[in-house]
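So the structure is just underneath, and the comments pick up after that.
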Amino acid sequence: MSDDFDFKKKDDAAFAMGDEPYTLGPDSMPQPGVPTGIVTKHHHTGQTIYPGVQRDYWVYVPQQYDAAQSACLMVFQDGEAYLGEVVRAATVCDNLIHRGEIPITIGVFVNPGDKGPGNPIYGGEDNRSLEYDSLGDQYARFLLEELLPEVEAEYNITSDPAGRATCGMSSGGICAFTIAWERPDAFGKVVSHCGSFTDIRGGNQYPSLVRKTPRKPLRVFLQSGEKDVDVIFGSWPIANQDMAAALAYREYDYQFVFGEGYHSLKHGGSIFPDTLRWLWRDDNKA
């Protein structure tokens with residue numbers, strides 16, 4: 001891993017709200033003899049979709065990557081948090097790719113835009129809620145038309161949606177679903193931790209939309225907890241249970257893990273290796 005940014009300094013307090021009975025296991029720790037992937041930092045300035053909005057993003061490339069063969073892709077919203085100590089996503093990928101439990105996968109860890117309207121009611125100065133909580137294809141288009149072409153210019157990445165996944169926490173979790181829901185031709189896999197399927201910018205419509213819409217070719221992982229957020233926008237535990245019920249009704253390939261946690265990445269981080277094994281089952285071609 002490159003040393004241009006110390007992820008141990010990243011404070012994940014925004015995604016933690018109390019003690020939880022979850023810890024990271026061996027799959028999330030560096031292991032002897034396991035090749036270490038390279039993480040490089042990049043900066044992007046929005047062009048036409050979010051003009052002038054700036055953000056950092058990081059690209060993880062496993063040592064096993066060979067440009068002669070296309071790699072799978074996983075895009076993380078709130079990417080800096082996933083690279084931090086709560087999840088250690090790059091280390092998890094190192095270990096699982098080394099053992100052939102997931103395919104060779106390039107990770108793109110994207111931060112939200114630096115300036116925007118903030119969060120409804122609660123305010124703020126960034127573009128996170130607009131990008132992540134909004135329904136529609138705007139953020140998916142941003143990825144596919146502006147940011148990911150920068151990565152694809154350097155690396156051979158599959159165009160098969162079955163080999164492309166999205167991931168996120170909270171507003172980033174609903175965003176991960178929205179990306180694939182709007183563009184199943186580009187992303188076939190979703191991981192949502194404590195997803196905000198609530199009435200922030202209309203996300204509470206999703207359970208009904210899922211039930212009323214013919215099943216899309218998506219594999220979806222949801223996680224939430226009994227102490228997840230319950231605020232003016234809605235109840236996160238109930239919203240995620242409603243989403244799981246809707247996915248079951250439409251016979252999606254899905255998994256829902258409901259635990260004891262808060263609005264946090266602690267539970268999601270502790271089960272992240274198993275999440276990836278489930279997500280990429282039948283695709284472990286490393």
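Heavy-atom basis, side chains included; hydrogens, waters and symmetry copies ignored.
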Check: [Y] main-chain N/O paired with [X] side-chain donor or acceptor under 3.5 Å:
| X | Y | answer |
| --- | --- | --- |
| Arg250 | Thr213 | yes |
| Lys189 | Gly163 | no |
| Arg141 | Gln138 | no |
| Asn95 | Met29 | yes |
| Glu146 | Gln47 | yes |
| Arg164 | Leu73 | no |

May I ask you to test the [X]-[Y] pair for a side-chain heavy-atom distance under 4.5 Å?
| X | Y | answer |
| --- | --- | --- |
| Ser28 | Phe272 | no |
| Tyr82 | Met169 | yes |
| Ser196 | Asp133 | yes |
| Met74 | Tyr60 | no |
| Asp253 | Val220 | no |
| Ser192 | Leu222 | yes |
| Trp181 | Val210 | yes |
| Pro117 | Asn127 | yes |

Just how far is it from atom [atom1] of [X] to atom [atom2] of [Y], taken to the nearest 0.5 Å?
| X | Y | atom1 | atom2 | answer |
| --- | --- | --- | --- | --- |
| Ser224 | Ile238 | OG | CD1 | 10.5 Å |
| Leu148 | Ile157 | CG | CD1 | 7.0 Å |
| Lys115 | Gln54 | NZ | CD | 6.5 Å |
| Leu143 | Ile49 | CG | CD1 | 8.5 Å |
| Leu265 | Cys194 | CG | SG | 7.0 Å |
| Asp228 | Tyr262 | CG | OH | 11.5 Å |

Shared ILVMFWY cluster between [X] and [Y], side chains joined below 4.5 angstrom?
| X | Y | answer |
| --- | --- | --- |
| Ile271 | Val86 | yes |
| Leu144 | Tyr50 | yes |
| Leu218 | Val191 | no |
| Val190 | Phe187 | no |
| Phe109 | Ile104 | yes |

Requested in this report: With side chain to side chain contact (heavy atoms under 4.5 Å, CB included) as the test, would you mind laying out the steps for Met243 and Phe256 before giving the verdict?
Outcome: CA-CA 9 Å; Met243 275 295 291; Phe256 177 44; over 6 Å; no
For the residue pair [X] and [Y], what are the closest heavy atoms and their distance?
| X | Y | answer |
| --- | --- | --- |
| Asp126 | Gly113 | CB-O, 3.4 Å |
| Ile174 | Tyr132 | CG2-O, 3.6 Å |
| Pro112 | Arg55 | C-NH1, 3.5 Å |
| Cys167 | His193 | SG-CE1, 4.2 Å |
| Ala239 | Phe197 | CB-O, 3.2 Å |
| Gln223 | Ser264 | OE1-O, 4.5 Å |

Query raised in the report: Given the rule in the side chain to side chain contact (heavy atoms under 4.5 Å, CB included) test, do Asp282 and Arg219 qualify, once you have shown the distances and angles that lead to the verdict?
Result: CA-CA 12 Å; Asp282 306 324; Arg219 179 176 291 175; 4.3 Å; yes
Using the six-membered ring wherever Trp is involved, compare the ring planes of [X] and [Y] and label them parallel, tilted or perpendicular (cut-offs 30° and 60°).
| X | Y | result |
| --- | --- | --- |
| His263 | Trp236 | perpendicular |
| His42 | Tyr57 | parallel |
| Tyr22 | His267 | parallel |
| Phe142 | Tyr139 | tilted |

Quick check on [X]: does its [atom1] atom have over 12 non-hydrogen neighbours (other residues, nucleotides or ligands) under 6.0 Å away?
| X | atom1 | value |
| --- | --- | --- |
| Ile121 | CD1 | yes |
| Glu226 | CD | yes |
| Leu209 | CG | yes |

Query raised in the report: Any side-chain donor paired with an acceptor under 3.5 Å for Asn111 and Glu80?
Result: yes
Query raised in the report: Would you call Lys41-Asp56 a salt bridge at under 4.0 Å N-O?
Result: yes
Query raised in the report: side chain to side chain donor-acceptor pair (under 3.5 Å) between Gln255 and Thr275: does it pass, once the steps are laid out?
Result: CA-CA 9 Å; Gln255 187 175 63; Thr275 300; 5.8 Å; no
Report task. Output all residues satisfying salt bridge (charged side-chain N to carboxylate O under 4.0 Å, His left out) with Arg201, sequence neighbours left out; order by chain, then residue number. Result -> none
Report task. Begin with the C-alpha distance, continue with both residues' side-chain angles, and end with the deciding distance and a verdict on side chain to side chain contact (heavy atoms under 4.5 Å, CB included) for Asn240 and Phe258. Result -> CA-CA 9 Å; Asn240 278 273; Phe258 191 72; 5.8 Å; no
Report summary line: With Phe177 as partner, the option from Phe221, Tyr206, Tyr254 fulfilling ring pair (Phe, Tyr, Trp, His ring centres under 6.0 Å) is Tyr206
Donor-acceptor contacts under 3.5 Å from residues 63-70 side chains, at least two apart:
from  : atom 1 : to     : atom 2 : distance (Å)
Gln63 : NE2    : Thr36  : O      : 3.0
Tyr65 : OH     : Asn156 : N      : 2.8
Asp66 : OD1    : Ala68  : N      : 3.0

Report task. Apply side chain to side chain contact (heavy atoms under 4.5 Å, CB included) to Val110 and Glu131, showing your working. Result -> CA-CA 12 Å; Val110 187; Glu131 294 172 7; over 6 Å; no
